[in-house]
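Sharing a structure below in structure tokens format, with a few things to ask.
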2 protein chains.
Amino acid sequence: MNNKEKLRNVGLRPTKQRMIIAKILLNGVNRHFTAENLQNEINSSGNSMSIATIYNCLKKFRNCGLIKQVESSKETAIFDTNINQHHHFLDEETGELIDIENEEINLFKLPEIPKGYVNSGVEVLIKLRRQI
Amino acid sequence: MNNKEKLRNVGLRPTKQRMIIAKILLNGVNRHFTAENLQNEINSSGNSMSIATIYNCLKKFRNCGLIKQVESSKETAIFDTNINQHHHFLDEETGELIDIENEEINLFKLPEIPKGYVNSGVEVLIKLRRQI
DNA sequence: TTTTTACTTTAAAATCGTTCTAAACTACTT
DNA sequence: AAGTAGTTTAGAACGATTTTAAAGTAAAAA
């Protein structure tokens, strides 16, 4: 499926700007990035785009499930092209994230989900400190 | 141990402002809060404090291990008085966090820690959606 | 096609949470 | 009591993100 179809499938108009971003993000390679990272890549691909458009687009992509936003207490929002359930190592010093595939963690026992709610995803974060 | 001793124990001077905040936070009751939440409580306790002092104090308290900061992609930093390893439910709609005690989750299998690092804490986040 | 409509992009301003600055203050040491 | 090192403060500054409102564009209707 090409990017135009991917966008149409989730109900987004394939505008010029969204296609440029889709080309960068939806190529099957998993990665973490910020809005600023993405703008730099757009620029170095010979294109340019308002930062407002980049934020609009990332929010739409996220809400449509094309990308994920990582739970992180960094000041800048971090996005992830890996939309499957998976987990992360976090280098507490640098903020760097490393993917952990879902199968590498086995959650043997889970607590009861509060009444009226359903589980919509489990994320495990393993924080790391450099060994001394 | 009283609050003055708690502060001294971690190498912090027990100033008037830190004692006010310690009285609110270090009373054994576990809770989540933001800097703004805390300022409101300080105000309604009849005291007042510069927002800069509140941020300074929260950062010091966190760095000294008196409180924790929650990994969350909310725009505002969320702190937690529960400093034991534990986990959270997250209501994705409202952002509300509910504690999950450490014993309620059993991580049966963990991935190998990357070379040169040590595990400095595991946080599990169970995201919740309201049942329809 | 052409026209219409709804959605999208944009630069610039605004907002929000947080940090910085530098002067006044205070806890602790001498 | 005096010195000094750490702390508090208001207000300015900052950085990430959102809003604004006007211009542009994709899709639908005619």
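Since this is a predicted model, take the numbers as computed values, not measurements.
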Is it the case that the side chains of Asn82(B) and Asp99(B) hold a donor-acceptor pair, with the cut-off being a distance below 3.5 Å and no angle test?
yes
Side chain to side chain donor-acceptor pair (under 3.5 Å) between Asp80(B) and His86(B): does it pass, once the steps are laid out?
CA-CA 11 Å; Asp80(B) 193 335; His86(B) 66 287; 2.9 Å; yes
Rounded off to whole Å, could you give me the CD1-to-C1' distance for the Ile42(A) and dT10(C) pair?
14 Å
Could you run down the sub-3.5 Å N/O contacts of the protein with nucleotides 16-20 of chain D?
residue: dT17(D); atom: OP1; partner: Ala77(A); partner atom: N; Å: 2.8
residue: dT17(D); atom: OP2; partner: Tyr55(A); partner atom: OH; Å: 2.1
residue: dT17(D); atom: O5'; partner: Tyr55(A); partner atom: OH; Å: 3.2

Any chance the side chains of Glu71(A) and Ser73(B) put a donor and an acceptor closer than 3.5 Å?
yes
Do other residues, nucleotides or ligands put more than 12 heavy atoms under 6.0 Å from Glu5(B) CD?
yes
Name of the residue among Glu92(A), Arg130(A), Lys127(A), Arg129(A) meeting side chain to side chain donor-acceptor pair (under 3.5 Å) with Tyr117(B)
Arg130(A)
Where the side chain of Glu41(A) meets the backbone of Leu38(A), is there a donor-acceptor pair that is under 3.5 Å apart?
no
Starting at atom CD1 of Ile54(B), determine the distance to atom P of dT19(C), rounded to an integer number of angstrom.
13 Å
How would you label the contact of Lys60(B) with the nucleic acid (heavy atoms, under 4.0 Å): base, sugar-phosphate, or nothing?
sugar-phosphate
Figure out the NZ/C1' separation between Lys74(B) and dC16(C), and round it to whole Å.
13 Å
Contact residues, residues 2-26 of chain A to DNA chain C [heavy atom, < 4.0 Å]:
Arg13(A), Thr15(A), Gln17(A), Arg18(A)
Counting only N and O atoms by type, is there a donor-acceptor contact under 3.5 Å from the side chain of Thr81(A) to the main-chain atoms of Val29(A)?
yes
Nearest-angstrom distance from the residue atom CZ of Phe33(B) to C1' of dG17(C):
16 Å
So, do Lys60(A) and Arg18(A) sit near enough that their side-chain heavy atoms are less than 4.5 Å apart?
yes
Rounding to an integer number of Å, can you tell me how far Met49(A) CE sits from dA11(C) C1'?
15 Å
